[in-house]
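Proteins come first, then strands; the chains are lettered A, B, ... in the order of their sequence lines, and each starts at number 1. Here the structure is a predicted model, which means the values were calculated and not measured.
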Number of protein chains: 2
Amino acid sequence: MSLRISTKGRYGIRAVSRIAVERESLPVSLHTISREEHIPLHYLEQLLLRLRRKGLVSSIRGPKGGYVLNRRPDRISVAEILEALEGKLSMTDCLSRGECSLDKKCILNPFWARLNDRIQSDLDNITLEELVSGAWERKLKPAVHIKDPA
Amino acid sequence: MSLRISTKGRYGIRAVSRIAVERESLPVSLHTISREEHIPLHYLEQLLLRLRRKGLVSSIRGPKGGYVLNRRPDRISVAEILEALEGKLSMTDCLSRGECSLDKKCILNPFWARLNDRIQSDLDNITLEELVSGAWERKLKPAVHIKDPA
DNA sequence: ACTAAATCCGACTATTTTTGTCAAGTATAA
DNA sequence: TTATACTTGACAAAAATAGTCGGATTTAGT
């Protein structure tokens, strides 16, 4: 099953979404997120740690503590969240390393790159706010392709 | 690094591409593909096995043998090749299993599904012929999104 | 000051997936 | 008959993923 998004990415998105919907920007604790989103507590801990180090969330320690967003949800893209958790979006190593291991330049490389760009573009374009409000649906239309004439 | 295409998929596409460009549909041997595309022989062997079982290629045994395409390159989509090698394209298990493990329906599911559809659509739309000829570039335009007004 | 609620952090483990490798067999052209 | 080439299943190494643990630190409330 190719092109998967790991649980890391999906858990992480669920987590920040939960923080985002908290009224009055109250801190949301790991326990709360873990319980409500069914994410293993200690695993979740790791994910929020990454997100904090990348500057997406801040933590508040002690009782009544938890996590809050560092920016408004409409200023955070889905791509940013995924990238913080799983690293840069890259379909192939060639793309991230910038060059192909093959002697003769691999002609497929530009194809992967284009595909990569299109997905990246989609993820860049959707904000956390749109994700939780459902507004993403207007932006991310089902793709329509021109059929070959039979 | 998320949303990767494994070597299985990339090797496989390179392999069928090599078979596709062989003039006069002569069979191309594993050795030839392995040598020219720098793919480990015995690994390649497995990949071609899958492709044969899925009906994309046929094998010819004995000296001067090798593999040939079962259909014209313009009748084989990139999606088919990838699916034969790596299984159905699916960003999340939820999508392939059809249902989410969460009690309350996960609101993110439709989002992953839409993203999935868009990629699938891209891959369905490009044929092997277009891939090797470079014609894919006309079909798969760089995505342009409407910027938020500042 | 004490306690309990919470995050912090590194190290560790388990599981799964990916990426191969190998050996013994079968088919066939020359 | 021989060398070339595919067939098949089993095995193995390496990497990535997913999860666990223990102890430390911070802080609100009493």
Side-chain angles (χ1 to χ4, degrees), chain A residues 1-15 19 22 26-35 37-54 56-68 70 82 85-88 90-93 96 101, chain B residues 1-12 14-15 19 22 26-35 37-54 56-70 82 85-88 90-93 96 101:
Chain A
M1 196 160 36
S2 60
L3 286 169
R4 291 187 59 209
I5 293 209
S6 64
T7 62
K8 225 183 315 217
R10 284 177 290 122
Y11 284 172
I13 298 242
R14 294 228 301 278
I19 299 173
E22 183 73 13
L26 290 176
V28 185
S29 74
L30 289 173
H31 272 94
T32 302
I33 301 172
S34 171
R35 183 175 1 95
E37 299 291 336
H38 303 88
I39 301 171
L41 180 64
H42 293 294
Y43 194 32
L44 180 63
E45 203 175 327
Q46 288 192 351
L47 306 184
L48 269 299
L49 183 65
R50 287 185 193 226
L51 291 168
R52 183 173 61 80
R53 286 177 173 164
K54 295 286 182 176
L56 286 169
V57 301
S58 288
S59 62
I60 293 153
R61 297 170 70 152
K64 307 282 176 189
Y67 294 86
V68 294
N70 269 350
L82 284 179
L85 294 162
E86 314 198 56
K88 192 121 195 71
S90 183
M91 302 194 100
T92 73
D93 298 327
S96 49
S101 58
Chain B
M1 195 161 36
S2 57
L3 286 170
R4 290 187 60 212
I5 293 210
S6 65
T7 63
K8 221 181 321 213
R10 283 177 291 124
Y11 285 172
R14 294 228 301 278
I19 299 173
E22 183 72 13
L26 288 177
V28 186
S29 73
L30 288 172
H31 272 95
T32 302
I33 301 173
S34 171
R35 182 175 2 94
E37 299 291 338
H38 303 90
I39 301 171
L41 180 65
H42 293 295
Y43 194 29
L44 180 63
E45 208 172 313
Q46 289 192 349
L47 307 184
L48 268 299
L49 180 65
R50 288 184 192 226
L51 292 168
R52 184 172 61 80
R53 286 178 172 163
K54 295 285 183 177
L56 286 168
V57 301
S58 288
S59 62
I60 293 152
R61 296 167 71 150
K64 305 286 176 185
Y67 292 87
V68 293
L69 297 182
N70 268 350
L82 284 179
L85 293 162
E86 314 196 58
K88 194 120 196 69
S90 183
M91 304 193 99
T92 73
D93 297 326
S96 47
S101 59

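At the phosphate of C/dC8, OP1 or OP2 sits under 4.0 Å from a side-chain N or O atom of A/R52. Under 4.0 angstrom from either OP1 or OP2 of D/dT7 there lies at least one side-chain N or O belonging to B/Y67. At C/dA5, none of the side-chain N or O atoms of A/S29 fall inside 4.0 Å of OP1 or OP2 (strictly under the cut-off). Considering only side-chain N and O atoms, B/T7 lies nowhere under 4.0 angstrom from the phosphate OP1 or OP2 of C/dT18.
Atom NE2 in B/H31 sits roughly 15 Å away from atom P in D/dA3 (whole-Å rounding). Whole-Å rounding puts the A/R50 CZ to D/dG19 P distance at 13 Å. Rounded to whole angstrom, the span from the CG atom of A/L85 across to the P atom of D/dA16 amounts to 17 Å. Between A/E86 atom CD and D/dT17 atom C1' there is a gap of 10 Å when expressed in whole angstrom units. Straight-line distance from the CG atom of A/L30 to the P atom of D/dT20: 14 Å, rounded to whole Å. One interatomic measurement links the two molecules: CD1 of A/I39 to P of D/dA18, which rounds to 12 Å at whole-angstrom precision. Rounded to an integer number of Å, the gap from B/L3 CG to D/dA16 C1' is 15 Å. Distance CG (B/L26) to P (D/dT4): 19 Å, rounded to an integer number of Å.
When every heavy atom of B/V57 is checked against every heavy atom of B/N70, the shortest pair comes out as O-ND2, 3.5 Å. Across every non-hydrogen atom of A/A15 and A/L44, the tightest pair is CB-CD1, 3.9 Å. The two residues A/P40 and A/S34 have their closest heavy-atom pair at C-OG, 4.2 Å. In terms of heavy-atom proximity, B/I5 sits nearest to B/R10 at O-NE, 3.2 Å. When all heavy atoms are compared, the tightest approach of A/S29 to A/G65 is CB-O, 3.9 Å.
Counting heavy atoms from C-beta on, the side chains of B/Y67 and B/L48 come closer than 4.5 Å.
Counting any heavy atom pair closer than 4.0 Å across all strands shown, B/L48 reaches no nucleic acid atom. B/R53 comes within contact range of the sugar-phosphate backbone alone, with a heavy-atom separation under 4.0 Å but no base atom that close.
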*Nucleic acid footprint by protein, nucleotides 21-30 of chain C - heavy-atom cut-off 4.0 Å, B for base, S for sugar-phosphate alone*: BBB-BBBBB-
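By the 4.0 Å N-to-carboxylate-O rule, A/E86 lies too far from A/K8 to be salt-bridged with it.
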